[in-house]
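Small disclaimer: the values here were computed from a predicted structure and weren't measured. FYI, side chains are in, hydrogens and waters are out, and symmetry mates aren't considered; it's all heavy atoms of this structure.
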Amino acid sequence: MSGLRIEKLADRLVVTLDRPEKRNAIDADLVGELHDVCAELEARPRLMLLTGGTDGIFAGGADIAQLRERGRLDALAAINQGVFARIRALPLPTVAAVDGPALGGGAELAYACDLRVCTERAVFGQPEVRLGILAGAGATYRLPALIGEARAKEMLFTGRRVGADEALRIGLVNRVVPAPAELLPAAHNLLDEIGKGSALALRLTKLAVDAPPAAHPQLDLLSQAVLFEDEEKHRRMTDFLERRRAR
């Protein structure tokens, strides 16, 4: 893969955007490579850490040179939106580790992940209206869900950039680290905590949280019924009771 670097660990994939000469801009080739990553994680579910590295750029947005030439049929093909939706629907949790700007499609890529960790120099923004388009790859619905309608509309209408401290305060990110060197360890620590849970319980919890309101409570009841019959549940609860008795 030319636009991504992939590190395969036992329980996770570390996916690094690797187009430094283009500020990690998201072009058609990179979209194709992200689809390949999704296919692998769908076939063999694992956690995912998605990052632009710690060189001061997450993703500067879509490739404007390509975007300028796209027509209405390209828009209807949901090129970026399709792969971001696929990332959002991955079976197990995902974490975006953001250093520096995450703008336009780059910000939407971060929103597609379940959780976000960033450095103090991270900034998020949606400049699309100033380029004559809208944020069509998820920001119009994921951003309001993350930070509320009024704040999301301000970002989408004005293109205003949000820094790390504000992003933490309004719920756009989960954690902020002071130095770039601390970013990936913090993201891995978060995934380590997530990974302590049952893989099936994590998978069904993610499905339940992301499901539309009309699916509840039936989805929760069905998911719990599946988990109550899972051998992993019995083992984990037995271990818990034995540890408590030992204390």
Side-chain angles (χ1 to χ4, degrees), residues 1-19 24-27 29-55 57-59 62 78-100 102 105-119 122 124 137-139 142-143 145-146 167 172-177 180 182-211:
M1 291 186 177
S2 59
L4 296 177
R5 285 186 283 114
I6 310 293
E7 182 182 4
K8 298 183 180 183
L9 305 178
D11 67 339
R12 71 196 62 170
L13 253 58
V14 180
V15 180
T16 304
L17 306 178
D18 191 24
R19 300 186 71 213
N24 290 338
I26 301 166
D27 67 355
D29 290 338
L30 188 61
V31 166
E33 293 178 14
L34 288 170
H35 274 297
D36 292 340
V37 169
C38 290
E40 179 169 346
L41 291 173
E42 290 160 355
R44 184 188 164 203
R46 282 158 287 169
L47 305 170
M48 182 177 74
L49 194 167
L50 176 67
T51 184
T54 55
D55 295 326
I57 181 69
F58 178 73
I79 296 170
N80 288 4
Q81 192 276 339
V83 74
F84 295 172
R86 197 171 178 186
I87 289 170
R88 182 66 175 188
L90 286 172
L92 289 176
T94 58
V95 172
V98 179
D99 181 36
E108 290 175 303
L109 176 57
Y111 308 154
C113 292
D114 295 300
L115 304 173
R116 283 151 295 283
V117 177
C118 75
T119 65
F124 300 84
R142 292 198 181 102
L143 196 53
L146 286 168
L172 186 54
V173 301
N174 299 87
R175 299 179 185 177
V176 177
V177 298
E182 299 176 42
L183 178 64
L184 295 183
H188 278 294
N189 287 341
L190 182 54
L191 285 170
D192 290 342
E193 289 299 309
I194 293 170
K196 292 177 182 178
S198 152
L200 183 59
L202 285 169
R203 187 168 183 173
L204 292 178
T205 297
K206 179 171 175 174
L207 280 174
V209 172
D210 288 344

Check: [Y] and [X] side chains under 4.5 Å, non-hydrogen atoms:
{"X": "Phe124", "Y": "Leu143", "answer": "no"}
{"X": "Leu49", "Y": "Leu184", "answer": "yes"}
{"X": "Ile6", "Y": "Glu40", "answer": "no"}
{"X": "His188", "Y": "Val14", "answer": "yes"}
{"X": "Asn80", "Y": "Val31", "answer": "yes"}
{"X": "Gln81", "Y": "Glu108", "answer": "no"}
{"X": "Cys38", "Y": "Ile87", "answer": "yes"}

Taking all non-hydrogen atoms of both residues, which atom of [X] and which atom of [Y] are closest, and how far apart?
{"X": "Leu172", "Y": "Arg116", "answer": "O-NE, 2.7 Å"}
{"X": "Val117", "Y": "Ala186", "answer": "CG1-CB, 4.1 Å"}
{"X": "Leu4", "Y": "Glu33", "answer": "N-OE1, 3.1 Å"}
{"X": "Ala102", "Y": "Phe58", "answer": "CB-CD2, 3.7 Å"}
{"X": "Ala110", "Y": "Val98", "answer": "CB-CG2, 4.3 Å"}
{"X": "Arg203", "Y": "Pro45", "answer": "NH1-CG, 3.6 Å"}

Rounded to the nearest 0.5 Å, what's the gap from [atom1] on [X] to [atom2] on [Y]? Could you check?
{"X": "Thr94", "Y": "Leu50", "atom1": "OG1", "atom2": "CG", "answer": "8.0 Å"}
{"X": "Ile26", "Y": "Leu109", "atom1": "CD1", "atom2": "CG", "answer": "5.0 Å"}
{"X": "Leu92", "Y": "Asp11", "atom1": "CG", "atom2": "CG", "answer": "9.5 Å"}
{"X": "Arg5", "Y": "Leu17", "atom1": "CZ", "atom2": "CG", "answer": "9.5 Å"}
{"X": "Met48", "Y": "Leu9", "atom1": "CE", "atom2": "CG", "answer": "13.5 Å"}

Full working for side-chain hydrogen bond (donor to acceptor under 3.5 Å, both in side chains) between Asp99 and Thr119: CA-CA 5 Å; Asp99 181 36; Thr119 65; 2.7 Å; yes

Positive for side chain to side chain contact (heavy atoms under 4.5 Å, CB included) with Val95, one of Leu47, Asn174, Leu190: Leu190

Pair Arg12 + Asp192, salt bridge at N-O below 4.0 Å: yes

Verdict with reasoning, Glu42 to Leu90, per side-chain contact (heavy atoms from CB on, under 4.5 Å): CA-CA 6 Å; Glu42 290 160 355; Leu90 286 172; 4.1 Å; yes

